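Following: one structure in structure tokens, then a few remarks.
The structure presented is a predicted model; accordingly, all values stated were derived computationally and were not measured. Atoms considered below: every heavy atom in the structure, side chains included; atoms not considered: hydrogens, waters and symmetry mates. Whatever order the structure lists them in is the order used to number ligands and atoms, beginning at 1.
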Amino acid sequence: MKLIVAKSAGFCFGVKRAMDMALEAAKRFPKDLYTLGPLIHNPQAVEYLGQLGIEVKDKVENIPKGTVIFRSHGVSLQDLKKARENKLRIIDATCPIVKRAHFFAKFLHRNGYSLLIVGEADHPEVEAIRSYLDKDAEVVENARELKRLGPWEKLGIIAQTTQSFSLFKEIVANSLERAKEVRLFNTICRTTMVRQEEAVEIAKKVDCMMVIGGYNSGNTQRLAAICKEIQPHSYHIEMAREIHPRWLANRERVGITAGASTPSWIIKEVEEEIRRLKKA
Ligand code: SF4
């Protein structure tokens, strides 16, 4: 059996940075240490942080004192204000690439463009970007949704950092029919694009594909959907123990990729489990 593991599988720069900041905080401020929402979209990693005393709170109001860590995809202006009002120590692990998307959103607004965000309206990253704007932005998840919007004189477009590049291109192409002037910034994170491109290449070469990552991880879900389109025997799993031996029967080339929040130890376990099952 040949096993191909994506080089880009696992923690991206922003998630690794957030994890490192959390681990450092656990050493320096071990009491009353919280993350606003799960630090990353991986239940096993969040459980590990819990063992170090880092508690997850879903609202700033529920953190009376101590230290709060902001996640890599950022927080809303309202949450930032509340944390300051409550005099919490703030550890801001917002990824610099997400901050870049904030910058371009504000830039487009300031220059008179109506803003369109390609992404999920209820994703914390998109909610946070909108919260810092003076005028609200429109959010679309697919080209169909664009038809109910506009037309615009001046349209500015950005994307949620983990969106699919092909969807971004499709929406940009469609927007040209609905706006006199379009200005866009490709705010999709390079690591997301590389991860998706590599997954496509591997899925083409194998006869079974494992996509590892939290079921609540949007970028892993997209990765799984991309792989499934190319290789129908693609499976989204969180842990090695979920692999069904039947999935590997008569499969001689197996590919592995993983979302941006998947720890390397889980990827290693999946790799070992596949080798074990193929030997059994
Ligand atoms: S996927 Fe990209 S933008 Fe998002 S946290 Fe990772 S490095 Fe930052």
Side-chain angles (χ1 to χ4, degrees), residues 6-25 35-46 49 54 56 68-76 79-80 90-107 117-132 137 139 141 157-168 184-200 211-227 236 257-264 266-267:
K7 288 194 189 78
S8 57
F11 280 0
C12 62
F13 149 78
V15 166
K16 180 167 185 320
R17 180 174 170 272
M19 275 299 267
D20 288 348
M21 287 168 90
L23 297 177
E24 181 62 25
T35 58
L36 187 58
L39 186 71
I40 60 176
H41 285 148
N42 186 276
Q44 294 73 30
V46 171
L49 293 174
I54 304 177
V56 180
V68 61
I69 306 171
F70 291 157
R71 306 182 278 186
S72 54
H73 44 229
V75 289
S76 69
D79 283 338
L80 176 64
I90 295 172
I91 296 178
D92 185 2
T94 308
C95 177
I97 297 167
V98 172
K99 287 206 168 153
R100 183 176 160 268
H102 282 244
F103 171 82
F104 285 129
K106 284 187 206 151
F107 173 88
I117 305 174
V118 178
E120 300 143 78
D122 59 353
H123 190 284
E125 180 187 314
V126 174
E127 286 174 351
I129 292 175
R130 291 171 87 177
S131 74
Y132 289 89
V139 184
E141 258 185 77
I157 311 180
I158 62 160
Q160 185 183 330
T161 54
T162 48
Q163 269 305 311
S164 129
F165 185 53
S166 58
L167 174 70
F168 186 58
L184 62 105
F185 290 99
N186 177 4
T187 50
I188 297 177
C189 169
R190 183 82 201 124
T191 62
T192 304
M193 286 165 60
V194 169
R195 193 186 304 270
Q196 289 171 357
E197 283 162 11
E198 197 186 8
V200 166
V211 183
I212 318 162
Y215 293 120
N216 57 349
S217 155
N219 80 86
T220 311
Q221 288 166 11
R222 266 187 290 283
L223 214 49
I226 288 169
C227 292
H236 179 175
T257 186
S261 314
T262 310
S264 54
I266 295 184
I267 300 172

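Short contacts between ligand 1 and I97, defined as distances under 4.0 Å to a heavy atom of the residue, involve ligand atoms 3 (S), 7 (S). The contact set between ligand 1 and C12, taken as ligand atoms under 4.0 Å from a residue heavy atom, comprises 1 (S), 5 (S), 6 (Fe), 7 (S). Taking every non-hydrogen atom of C189 and a distance limit under 4.0 Å, the qualifying atoms of ligand 1 come out as 1 (S), 2 (Fe), 3 (S), 7 (S).
Contact of the I266 side chain with the N42 side chain is registered, since non-hydrogen atoms from C-beta on lie closer than 4.5 Å. In this structure, T161 and T192 have side chains that are not in contact, with every pair of non-hydrogen atoms separated by 4.5 Å or more. Put simply, the side chain of S72 does not reach to within 4.5 Å of the side chain of E125, judged on heavy atoms.
For the atom pair H102 NE2 and I158 CD1, the distance stands at 8.5 Å (nearest 0.5 Å). Remark: C189 SG to R195 CZ distance equals 8.0 Å, nearest 0.5 Å.
Side-chain N or O atoms of R71 include one that pairs as donor or acceptor with a backbone N or O of L36 at under 3.5 Å.
At a cut-off of 2.8 Å, C95 is not counted among the residues with an N, O or S atom near atom 2 (Fe) of ligand 1. When distances to atom 8 (Fe) of ligand 1 are checked against a cut-off of 2.8 Å, H73 contributes no N, O or S atom below that limit.
Of the protein's non-hydrogen atoms, G14 N, 3.4 Å is the one closest to atom 7 (S) of ligand 1.
Across the listed options I188, I40, T161, T161 owns the non-hydrogen atom lying nearest to atom 3 (S) of ligand 1.
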